[in-house]
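A short worksheet on the structure shown next.
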Amino acid sequence: MCGIIGLLIKPESKRSQLGEWVTPMMDCMGDRGPDSAGLAVFSPVGDGPLRRFSLFCGQPGFDWTELGQAFERDTASEGHLSAIENHGRLVSPIAPDSLEKWLSREFPAVHLLSTGRSIEVYKDQGHPAEIAERYGFAGLAASHCVGHTRMATESAVSPAHAHPFTAGEDFCLVHNGSLSNPWSLRRRLEKRGVDFETDNDTEAACRFLEWRMREGESLEDALKAAFVELDGFYTLLMATAEKLVLVRDAFACKPAVVAETEDYVAVSSEFRSLAHLPGIRSAELFEPVPEEIYSWSL
Amino acid sequence: MEPVSLGALDLRKLSVRQLNHFLHHEIGATSPSRVEILNPNGLHNIAVGLDAPVRVDVRGHAGYFLGGMNRQARIVVHGNVGWSVAENMMSGEVRVKGFASQCAGASAHGGLLFIEGSASSRCGISLKGGDIVVGGHVGHMSAFMAQAGHLVVCGDAGAGLGDSLYEAVIYVRGKIHSLGADAREEPMAESDYDRVGQLLSRTGLDWPPREFKRVASAKTLYHWNVDADQEY
C-alpha cells in the first residue's frame, strides 16, 4: 500500500513549525505503511562551497565520532559531523565523489543517503511513529519536505529500500505503487553509466528522472518522458531545493489529496493525515488528476 | 460496548466502531430520526451498513467507504469523501456536498447517490441498479461494466466512459472525452428526458433534460464473436 506525505510552508516565519505539522501526518500514514519510513527535509546549508551529506550506518553502536576524526585526518577537508542513532550528518566543502570514494574505502558499512546544499534525509526500518520519535522529526525546521511510509511489496524491507530515494544532488522521490518495467529501465541506464544501490523499483524511477535532468531537461520535461517510459502504477512526490512536484499515472489508482492555504501546500495519500493542520477547514482541497504535473515552488 | 448517548457523536471522542455500533443498534431504541456526526476528519467506514430510516449529517470531510451498503438511511456529507462512497448501497440516499474520490457508488443496487461537486475515476463502476447524479464532472472509466441503474453527469465525462457496459444507462450534459469499448451514444427518447428530469428534481438541480446525451451499450460484447479478432 504505502503512504506518501509532503509539506511546503510558504511564509518563512512559519518554517520552524514544519516538524510539528508533518510528524502527525507521518504517524497517521503509518497505517498504510508500517514497515519503514523516511523523510527528506530541505533547508539551505548556507552560501559558499558547503554541502550537507546524510549518512546511514545500520551497525549497532557505530562510532560516529571516530568517523568524524578519520574524515578530518584522511581528507584534509573541514567537516562538521553530528549524529543521531543510525544517522550521521556531515557538513563539509568536500566534493561528493571524493567523499563517496573515501567512505567506500574506509567505512564500507556507511551509506551516503543524500548530497546537496539543501537536502537532508532520514530513513530507517520500523513503524513510522517510532522512526519519527527516534530522529526527532517533530523538532525539524525547514521550508519543505517529503516523506514516505512503506508497506513493502516488491523488494526487501531494509533501511536502504525505504523511501525517499535520492539521486544526484538536492533531489528525492517517494512512490506509492509498483512499476512493471524497472529492470529494463535500469539496464538502459546502467549502459549509460548510472549506478544503482538497491534492487528497488522506485530507485529506477528516481535515477531515470535524475539522469534526464543531468542531460539538461527540467524535472517537468523529465516527467513527461516518464509518463511514456514508466510502466506501472505510481503516485510520485518529488522535491528539489526549490519545489515540490506531484504526479499520478494514467490509471490513478494510487491515491493523493492536496490541501493548500495561505501558509502551506500539503500532500498526502489520505485526507485524514491532514485533518490536524491549522486552517484545514478552509483549505482549498483537490484530488490530482492523472498525468498532470503539479508543481509548487518556494 | 458502552452505550453512546445522542449528543456525543463526535469522532474525536468515539471510535468509528463505537459510532457504527450506535447507528446499527441504538437507532430505533432511543428513536432519534436525525443524528449528526462531528469531526469525521477523513476517517474511513463512517456510517456503513445502516438499515433504518434515519437522517445522518456528517459535518466535515470523510474518508473511504462512507455510507457503504446503506439501506433506508439518508446521509448528507457536508464536505468531501474518499474512495467508494455508498459502495453497494441498497436503498436510501447519500448526498455529498463536496467532491468524491474514485469508485463513488460502486456496485450500488438501489438508492440515490448525489455528488454535488465532481467525482473522480470509476464513478458507478459495476452499478447494479442504483442511481447516481454528479453535479460536476466524472473521471476516467466511469460506469465500467455497469449492469443496471443510471448515471447522470451534469459536467464532462473522462476517458473510457461506459466501457463494457451492460444495461445501465448514462446521461451526460457536457463533453465526453472518449467512450469505452462497446459504449455508444444513442438518441434520447421521451422516456429518457423524463428520467433525467425526475432524477435531477430529486437533487434540486435544474438543468434542462434536453441538454443531456444518452450513452448505452451497443451490446456487441454480449456474445462471442469469432471474427472480432479481439480488436474491441
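Proximity to chain B at a heavy-atom threshold of 4.5 Å picks out A/R32 from residues 6-41 of chain A, in numerical order. By a heavy-atom distance cut of under 4.5 Å, B/R122, B/H140 are the residues of residues 122-154 of chain B near chain A, going up by number. Residues from residues 98-107 of chain B that place a non-hydrogen atom less than 4.5 Å from a non-hydrogen atom of chain A comprise B/F99, B/S101, B/Q102, given in numerical order. Among the residues in residues 280-298 of chain A, those with a non-hydrogen atom closer than 4.5 angstrom to a non-hydrogen atom of chain B are A/R281, A/L285, A/F286, A/E287, A/P290.
Heavy atoms from other residues, nucleotides or ligands lying under 6.0 Å from NE2 of B/H78 number more than 12. Within 6.0 Å of the CZ atom in A/R188, the count of heavy atoms belonging to other residues, nucleotides or ligands exceeds 12. Within a 6.0 Å sphere centred on OH of A/Y135, other residues, nucleotides and ligands contribute more than 12 heavy atoms. More than 12 heavy-atom neighbours from other residues, nucleotides or ligands sit within 6.0 angstrom of CD on A/E220.
Most heavy-atom pairs under 4.5 Å with chain B: of the set A/A252, A/S273, A/A250, A/C253, this distinction falls to A/C253.
Here the straight-line distance linking atom CD of A/E270 with atom CH2 of B/W83 works out to 8.5 Å at 0.5 Å rounding.
Both the backbone and the side chain of B/N41 come within contact range of chain A, with heavy atoms under 4.5 Å apart.
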